[in-house]
Protein chains: 2
Amino acid sequence: MSISTRFSVGIHILSLLELNKESVNTSDYMAKSVNTNPALIRKITGMLKMAGLVNVRPGIAGATLAKGLSDMTLLDVYHAVNVTSDKELFGIHENPNPACPVGRNIQSSLEPIFSVAELALEKALGAVTIEDVVKEIIEKDKRSNSRKDSAI
Amino acid sequence: MSISTRFSVGIHILSLLELNKESVNTSDYMAKSVNTNPALIRKITGMLKMAGLVNVRPGIAGATLAKGLSDMTLLDVYHAVNVTSDKELFGIHENPNPACPVGRNIQSSLEPIFSVAELALEKALGAVTIEDVVKEIIEKDKRSNSRKDSAI
DNA sequence: TTAACATGTAATTCAAGTAGTTACAAGTCG
DNA sequence: CGACTTGTAACTACTTGAATTACATGTTAA
């Protein structure tokens, strides 16, 4: 199965907080941008808060960025929204037959290999900051706007 | 959610085919080693067959390796058992608000980033062959056996 | 040819995770 | 006080994974 869209929604939220920082970003407003419901936004925002990425307090409208954009990588978001802390990316079948040489060694043989692969993934995510994403969004928006203008 | 255990089971099957190549590896036998049921083994074996990794034919007992162990990487197995062909590893929320700069650019901004991360993962998996896994299993088994002997 | 056995596959069930939705308690502020 | 917001819990619908059962199809040997 795919990695939860909580990850991309988390990135969406952080990007939105930057690009819309002049206004108050309530869960209701952000839900409209993501196109989901406010409760889910609040849930994910809560996860981002736990990770120290956003400031948000009960009763006070709006969330704000808690750190500089260049200090937040996608890996931070990945860890914030994924419950991968207790669950590995790769699932390994449990209870293989201990009477079989393969069965009794497959798990311990695969774990370090899977770890290396997972770390490669995380390294790639850690190399991209939210600032990079925001810049990309701005660039893409400029390009599509200029295309639209020239078409008129 | 985690990547399906079909992946680790697929590796288990291929390793077993090598280490038990003197015997006939029926789905029933392999199911006992993996500790699951024969139908699931046949399903995964069928996927491995589609990928050209094993030979198996209706009515004829047992599966065999279709290629050399050093010519099979974990990435081959990953692609064989994962239906990732039509589904990306990272899920991106659909239908974000096109009226919002973030909403209308988030998907196209994230896709290439996620692709890079996914490729990093696949590169790591492609660097490990089934031969490596089999050697590791043999090594681990030797070590645990010698420990047992010395304990007597 | 037939009986025994193996693979291929469909259907069913159960469990778990995702995401959408509603509802409401708790907190804040004019 | 009253309007608004966040934090959560509960519920539903949906999807996927995995286990299980059943049976059609194919093969082999007696």
Rounded to whole Å, please give me the gap between [atom1] in [X] and [atom2] in [N].
X: Met50(B); N: dT7(C); atom1: CE; atom2: P; answer: 18 Å
X: Met30(A); N: dT5(D); atom1: CE; atom2: P; answer: 12 Å
X: Asp28(A); N: dT21(C); atom1: CG; atom2: P; answer: 13 Å
X: Asn82(B); N: dT16(D); atom1: CG; atom2: P; answer: 13 Å
X: Ile44(A); N: dG7(D); atom1: CD1; atom2: P; answer: 13 Å
X: Lys43(B); N: dA10(C); atom1: NZ; atom2: P; answer: 10 Å
X: Lys49(A); N: dT5(D); atom1: NZ; atom2: P; answer: 17 Å
X: Asn55(A); N: dT6(D); atom1: CG; atom2: C1'; answer: 14 Å

Does [X] make a side-chain N or O approach to OP1 or OP2 of [N] shorter than 4.0 Å?
X: Arg6(A); N: dT18(C); answer: yes
X: Thr36(B); N: dA19(D); answer: yes
X: Ser27(B); N: dT7(C); answer: yes

Parallel, tilted or perpendicular: which one describes the rings of Phe90(B) and Tyr78(A), with boundaries at 30° and 60°?
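Rings of Phe90(B) and Tyr78(A): perpendicular, as their planes differ by over 60°.
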Calculate, to the nearest 0.5 Å, the distance between atoms CZ and OG belonging to Arg143(B) and Ser108(A) respectively.
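These two atoms lie 9.0 Å from each other.
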With a non-hydrogen cut-off below 4.0 angstrom, is Gly91(A) in contact with a base, only sugar-phosphate, or nothing?
nothing
Closest to the [X] side chain, choosing from [options]:
X: Arg42(A); options: dT7(C), dT8(D), dA6(C); value: dT8(D)
X: Ser4(B); options: dG17(D), dT6(D), dA19(C); value: dG17(D)
X: Thr5(A); options: dT5(D), dA19(D), dA19(C); value: dA19(C)
X: Asn37(B); options: dA22(D), dT5(D), dT20(D); value: dT20(D)

Does atom NZ of Lys67(B) have more than 12 heavy-atom neighbours from other groups under 6.0 Å away?
yes
Starting at the 5' end of DNA chain C, which residue's closest nucleotide do you reach first, Pro58(A) or Ala39(A)?
Ala39(A)
Does Ile113(B) form a side chain to side chain contact (heavy atoms under 4.5 Å, CB included) with Glu136(A)? I'd like the steps, not just the answer.
CA-CA 11 Å; Ile113(B) 295 172; Glu136(A) 183 66 25; 5.8 Å; no
Any non-hydrogen side-chain atom of Ile130(B) less than 4.5 Å from a side-chain atom of Glu18(B)?
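Of all side-chain heavy-atom pairs linking Glu18(B) with Ile130(B), none is under 4.5 Å.
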